There are 2 protein chains.
Amino acid sequence: MSSHSHHTIRQAILDRIQTGEWALGELIPGEAMLADEYGCARTTINRALQGLANDGVVIRKRKGGTRVCDMPVRQAKFNIPVVREQVEALGSVYRHQVTRRVEKAPPTAVQKRLGLAPGTKSLQLDTVHLADDRPFAFETRWVNTRAVPAILDAPLDEISANEWLVQTVPFSSGDVVFCAVNAGKDVAEALGAREGAAVFVIDRTTSLAGEFITTMQLYYREGYQLHSQL
Amino acid sequence: MSSHSHHTIRQAILDRIQTGEWALGELIPGEAMLADEYGCARTTINRALQGLANDGVVIRKRKGGTRVCDMPVRQAKFNIPVVREQVEALGSVYRHQVTRRVEKAPPTAVQKRLGLAPGTKSLQLDTVHLADDRPFAFETRWVNTRAVPAILDAPLDEISANEWLVQTVPFSSGDVVFCAVNAGKDVAEALGAREGAAVFVIDRTTSLAGEFITTMQLYYREGYQLHSQL
DNA sequence: TTCGATATGTTGTATGCACATAATAATCTT
DNA sequence: AAGATTATTATGTGCATACAACATATCGAA
């Protein structure tokens, strides 16, 4: 009874949920009751329950009380790392090669995504990421030079566009899409894979303060796996 | 400043980080100083910073202070829904078909994953998930019948194994792997796709209280995208 | 009776104080 | 100079109090 940290209580409550003491969608006792049961202040219970709510284990509503989440959806958190770190984590030597670098008006799909006026030029960058000089991933990217003009002067042979952006425009928000596609001719060539191979794609568009910064597709070589606990 | 203080302050601090006031990996002022600056109690600042720490924006260490996270990794949260909900969210009618249901000793790879003794029988289930009677996803699964014997009596024609498990063994933990593979003959057939098509795979193994429950591969039909904010 | 406004109580939310704890820096001891 | 001890200074935690929102009950007028 004395291990009163909200962490401990949180775990205890989680256990009780997991053992089925409170069924899916069922109301669990109020904070006051739990506080009494655990011999702690209501606030401490509150913290525990809020934590569980953050993790999507319970849903809380004023006056409605706290109930076990009946959502059958599970949340998984992923770390989306910088490619170089992925490579180096595998014990390989990282290198990258910029295979294209042009400024021009992007296709309308990209133009829309970046919220650009028609005809506005952007920077197109294609990069091959190498692990021990073998292709690891192929990246094709458009950067909104209005938002980040400094990238035109960045030494992109030394630092990858991704890393430069992360360091320059940190904590941008955005969205990510994961999907699988058959490698087209260009991707297959860049990755040294056969055409039609199943490649894992991360498609990311990032923005900061309402302004779109960059949009990118990252094609991983065959067999790549994105792993996560849940 | 009314009630939402710590949320407000949290956002304010995030803004200051995003505008580059404090650089990557750099120390930000201590709680006391910020409390003074914002005219609130230290605890309120603490809450704000803890929130940011939860989101991986800052790292906090006792005595070491709080610093902007220098990890270039970004966290993305995904909801991994039940297939039926995905289908119905698209406005289609969901149906599923169990194409295989046998009890036998699994291959060693599965045996290992489920932590079974050699020769232990398990339940193998193959299911095709249909959207408007068109194949949407193909699921192949092994269930540890030691852990969940009740599944042998479950009406798996009415309720999918996935849903049955979610309702029966909620909040199990486990891990997930996403990857892309070329459809083999069996998968292609089940999905009505061509052999070699790039399919998105979710590979999940779940456990509860140290006991493995089930392992599953879910093959989505071509073009499937997993979407997330970050 | 019926409808609607208002009172009321239950439950989650927010804040600030006092104290605990951890990690480092400074100091003392040998 | 090396090791042990104490001081300092950060963040972490528990608790009490005040607050706000929501559901329901209650009351009064048409």
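Note that these values count all heavy atoms, side chains included, but never hydrogens, waters or copies made by symmetry. Since the model is a prediction, treat every value here as computed from it, not as a measurement. Quick note on labels: first sequence line is chain A, next is B, and so on, each numbered from 1.
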Tell me whether the side-chain N or O atoms of Thr43(A) pair up with the base of dA16(D) as donor and acceptor below 3.5 Å, since no angle test is needed here. yes
Ignoring hydrogens and angles, answer whether the base of dT13(C) and the side-chain atoms of Arg42(A) contain a donor-acceptor pair closer than 3.5 Å. yes
Presence of [X] side-chain N/O under 4.0 Å of [N] phosphate oxygens OP1/OP2:
X	N	answer
His6(B)	dG16(C)	no
Gln50(B)	dT11(D)	no
Arg60(B)	dG12(D)	yes

Rounded to whole angstrom units, what separation is found between the [atom1] atom of [X] and the [atom2] atom of [N]?
X	N	atom1	atom2	answer
Met33(B)	dT9(D)	CE	P	12 Å
Tyr38(A)	dG14(D)	OH	P	14 Å
Ile28(A)	dT11(C)	CD1	P	12 Å
Ile45(A)	dT13(D)	CD1	P	15 Å
Ile59(B)	dG12(D)	CD1	C1'	16 Å
Asn46(A)	dC19(D)	CG	C1'	13 Å
Arg62(B)	dA25(C)	CZ	P	17 Å
Leu34(A)	dG12(C)	CG	P	9 Å

Of all the choices, dT11(D), dA14(C), dG16(C), which nucleotide is nearest to the side chain of Cys40(B) once you look at every atom? dG16(C)
Side chain of Ser5(A) (C-beta onward), nearest among dT11(D), dT13(C), dT13(D): dT13(D)
Checking Thr205(A), Thr206(A), Asp203(A) against Asp175(A) for side-chain contact (heavy atoms from CB on, under 4.5 Å), the one that qualifies is Thr205(A)
Look at all strands and tell whether Thr44(B) reaches a base, only sugar-phosphate, or nothing, counting heavy atoms closer than 4.0 Å. sugar-phosphate
Could you tell me whether Gly64(B) contacts a base, only the sugar-phosphate backbone, or nothing, with contacts defined as non-hydrogen atoms closer than 4.0 Å? nothing
Run the ring-centre check on Phe178(B) versus Phe78(A) and record whether the distance is less than 6.0 Å. yes
Nearest-nucleotide comparison on DNA chain D, the residue closer to the 5′ end among Lys63(A) and Leu49(B): Leu49(B)
Would you kindly compare Glu31(B) and Arg47(A) by the position of their nearest DNA chain D nucleotide and give the one closer to the 5′ end? Glu31(B)
Arg67(A) with Glu26(A): basic N within carboxylate O range, under 4.0 Å: no
Is Arg60(B) paired with Glu31(B) through a side-chain N to carboxylate O contact shorter than 4.0 Å? yes
Compute whether any side-chain donor of one residue and acceptor of the other, for Gln86(B) and Tyr220(B), lie under 3.5 angstrom apart. yes
